[in-house]
Asker: 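Following this message is one structure expressed as structure tokens.
Below, chain A is the first sequence line, B the second, and so on; all start at residue 1. All figures in this text were calculated on a predicted structure; none of them were measured in a lab.
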Protein chains: 2
Amino acid sequence: MVRNYPEISVCNAQCPSRQVLDLIADKWTAIVIYCLSKGTKRYSELQREIGGISQKMLTQTLRSLERDGIVSRMVYPVVPPMVEYSLTPLGETLIEPLCQLCKWAETHIPEVEAARNRYDRKLL
Amino acid sequence: MVRNYPEISVCNAQCPSRQVLDLIADKWTAIVIYCLSKGTKRYSELQREIGGISQKMLTQTLRSLERDGIVSRMVYPVVPPMVEYSLTPLGETLIEPLCQLCKWAETHIPEVEAARNRYDRKLL
DNA sequence: CTGTATCCTGTAGGATACTG
DNA sequence: CAGTATCCTACAGGATACAG
């Protein structure tokens, strides 16, 4: 089945790409994917590696990503429970654009901070 | 001046790259930048092209981007007022990673929608 | 260990009206 | 035209406690 979209563009409010972008546009999604891009991780590993995330948000983010087919969840029937998370093939295709964004963030910190200081000083 | 960061990584809650990522991680920022990547635009043009954005959010997003040195604001002293927005050189460096993300969103809509349907059906 | 269930708060962000 | 100012609401997201 082929659906017919009025116009494929993030600028178009009706375009589903907006929903996809919305998914990325929360506090944790990008970071979780970034973390999983380095390989399969257990729940507790993710929690440990991602500084500041709450259980609720980690679970919620992972569920959402699972629903979207970006993350797969592997449950091992052992005691105590063990659950592994990894990126799906679809999820893998997100690594490059997302990592570029994270790299950008990591690389351009000083410039942004400088710009902010300049701007704030002007306002006085 | 060179600042010394404990560890440069988006996974680190103390890393300023988190702040930068937070900036992108709202509903409109990515879309506004995407729009400006196609050239200088007036306020009203942006509002017209970006479906669903309110005046408040457009102004707020633009101010924030200006503060971060990503967008520059050019005011022409005419009546009625005319204000042009464009990307700064720093802002230009964001185009590629951001556009890749938008492209991803536009390209992978069907897969994500399919995954969601699959997931939701399983839950019944 | 991997979650769920609640409660609670701040704030993102929409709607509307007004201004130089 | 390019914004402010205000009001209002939904919901993101943290803290805490509990469960299988």
Side-chain angles (χ1 to χ4, degrees), chain A residues 10-11 13-14 18-33 35-36 40-68 71-86 119 122-123, chain B residues 10-11 13-14 18-33 35-36 40-68 71-86 119 122-123:
Chain A
V10 280
C11 281
Q14 266 63 52
R18 272 287 184 81
Q19 296 169 32
V20 181
L21 211 58
D22 278 356
L23 189 94
I24 312 292
D26 69 83
K27 194 173 181 181
W28 299 110
T29 303
I31 303 175
V32 168
I33 297 176
C35 230
L36 284 177
T40 298
K41 297 261 170 69
R42 297 181 59 171
Y43 184 87
S44 48
E45 284 182 280
L46 286 169
Q47 196 171 12
R48 216 176 315 113
E49 289 187 26
I50 303 175
I53 196 170
S54 65
Q55 277 195 336
K56 182 189 169 187
M57 277 305 107
L58 180 53
T59 303
Q60 191 172 301
T61 303
L62 287 168
R63 286 291 179 286
S64 174
L65 287 171
E66 191 192 355
R67 183 169 106 95
D68 290 354
V71 156
S72 72
R73 182 168 172 267
M74 186 65 183
V75 183
Y76 297 92
V78 294
V79 178
M82 164 162 160
V83 180
E84 280 184 349
Y85 291 93
S86 54
Y119 187 91
K122 267 188 207 158
L123 290 188
Chain B
V10 279
C11 281
Q14 266 63 51
R18 271 286 184 82
Q19 296 169 32
V20 182
L21 210 58
D22 278 357
L23 189 95
I24 311 292
D26 69 81
K27 194 173 181 183
W28 299 110
T29 302
I31 302 175
V32 168
I33 297 177
C35 231
L36 285 177
T40 298
K41 296 260 169 73
R42 297 181 59 171
Y43 184 87
S44 48
E45 285 182 280
L46 286 169
Q47 197 172 11
R48 216 175 316 114
E49 289 186 24
I50 303 175
I53 196 169
S54 65
Q55 276 195 337
K56 181 189 169 188
M57 277 305 106
L58 178 54
T59 302
Q60 191 172 301
T61 304
L62 286 169
R63 286 292 179 284
S64 174
L65 286 171
E66 191 191 356
R67 183 169 106 94
D68 290 353
V71 157
S72 74
R73 182 168 173 268
M74 187 63 183
V75 183
Y76 297 91
V78 294
V79 177
M82 163 160 161
V83 181
E84 281 185 347
Y85 292 92
S86 54
Y119 187 91
K122 267 187 207 158
L123 290 188

Asker: Begin with the C-alpha distance, continue with both residues' side-chain angles, and end with the deciding distance and a verdict on side chain to side chain contact (heavy atoms under 4.5 Å, CB included) for A/L62 and A/L46.
Answerer: CA-CA 10 Å; A/L62 287 168; A/L46 286 169; 4.1 Å; yes
Asker: Given atom CD of B/Q47 and atom P of D/dA2, what is their separation to the nearest angstrom?
Answerer: 9 Å
Asker: Name the nucleic acid region contacted by B/M82, choosing base, sugar-phosphate or nothing; use a 4.0 angstrom heavy-atom cut-off, strictly under.
Answerer: sugar-phosphate
Asker: Kindly give the heavy-atom pair with the smallest separation between A/Q55 and A/Y43, and that separation in Å.
Answerer: O-OH, 3.3 Å
Asker: Closest to the A/V83 side chain: D/dG14, C/dC1, C/dG3?
Answerer: C/dG3
Asker: Check whether any side-chain N or O of A/Y85 sits under 4.0 Å from OP1 or OP2 of C/dG3, and answer yes or no.
Answerer: yes
Asker: Counting only side-chain N and O atoms of B/R73, is one of them less than 4.0 Å from OP1 or OP2 of D/dG3?
Answerer: yes
Asker: Closer to the 5' end of DNA chain D via nearest nucleotide, is it A/I53 or B/R63?
Answerer: B/R63
Asker: Taking the axis from the first five pairs and the axis from the last five, what angle separates them in the helix from C/dC1-D/dG20 to C/dG20-D/dC1, rounded to 10 degrees?
Answerer: 50°
Asker: Could you check whether A/Q55 gets within reach of a base, just the sugar-phosphate, or nothing at all, counting any heavy atom under 4.0 Å?
Answerer: base
Asker: Look at the side-chain N and O atoms of A/Y43 and state whether any lies under 4.0 Å from the OP1 or OP2 oxygen of C/dT4.
Answerer: no
Asker: Send over the distance from A/L58 CG to C/dC1 P, rounded to a whole Å.
Answerer: 14 Å
Asker: Please report the closest heavy-atom contact between A/R18 and A/C11, naming both atoms and the distance.
Answerer: NH2-O, 3.4 Å
Asker: If you compare all heavy atoms of A/V32 against all heavy atoms of A/T61, which two are closest, and at what distance to 0.1 Å?
Answerer: CG2-CG2, 3.9 Å
Asker: If the condition is side chain to side chain contact (heavy atoms under 4.5 Å, CB included), which residues does A/R67 pass it with, not counting sequence neighbours?
Answerer: B/R116, B/Y119, B/D120
Asker: What's the shortest heavy-atom distance between A/L36 and A/Y85, and which atoms?
Answerer: CD2-O, 3.5 Å
Asker: Could you pick out which residue, A/K56 or A/P80, lies toward the 5' side of DNA chain C when each is mapped onto its nearest nucleotide?
Answerer: A/P80
Asker: Quick one: label A/Y76 by what it contacts on the DNA or RNA (base, sugar-phosphate, nothing), any heavy atom closer than 4.0 Å.
Answerer: nothing
Asker: Give me the atom names and distance for the closest heavy-atom approach of B/R42 to B/P81.
Answerer: NH2-O, 3.8 Å
Asker: To the nearest Å, how far apart are A/Q60 CD and D/dA12 C1'?
Answerer: 8 Å
Asker: Figure out the CG/P separation between A/L62 and C/dC1, and round it to whole Å.
Answerer: 16 Å
Asker: Given C/dG13, C/dT2, D/dG14, identify the nucleotide with an atom nearest to the side chain of B/M57.
Answerer: C/dG13
Asker: Please report the distance, rounded to the nearest Å, between CG in B/D22 and P in D/dA12.
Answerer: 16 Å
Asker: For D/dA2 and B/S44 - does any side-chain N or O of the residue sit under 4.0 Å from the phosphate oxygens OP1/OP2?
Answerer: yes
Asker: Taking all atoms of both residues into account, what is the closest heavy-atom pair of B/E84 and B/M82, and its distance?
Answerer: OE2-CE, 3.4 Å
Asker: Return the nearest nucleotide to the side chain of A/K27; candidates are D/dG14, D/dT4, C/dG20.
Answerer: D/dG14
Asker: Under 4.0 Å between a side-chain N/O of B/R42 and OP1 or OP2 of D/dA2, yes or no?
Answerer: yes
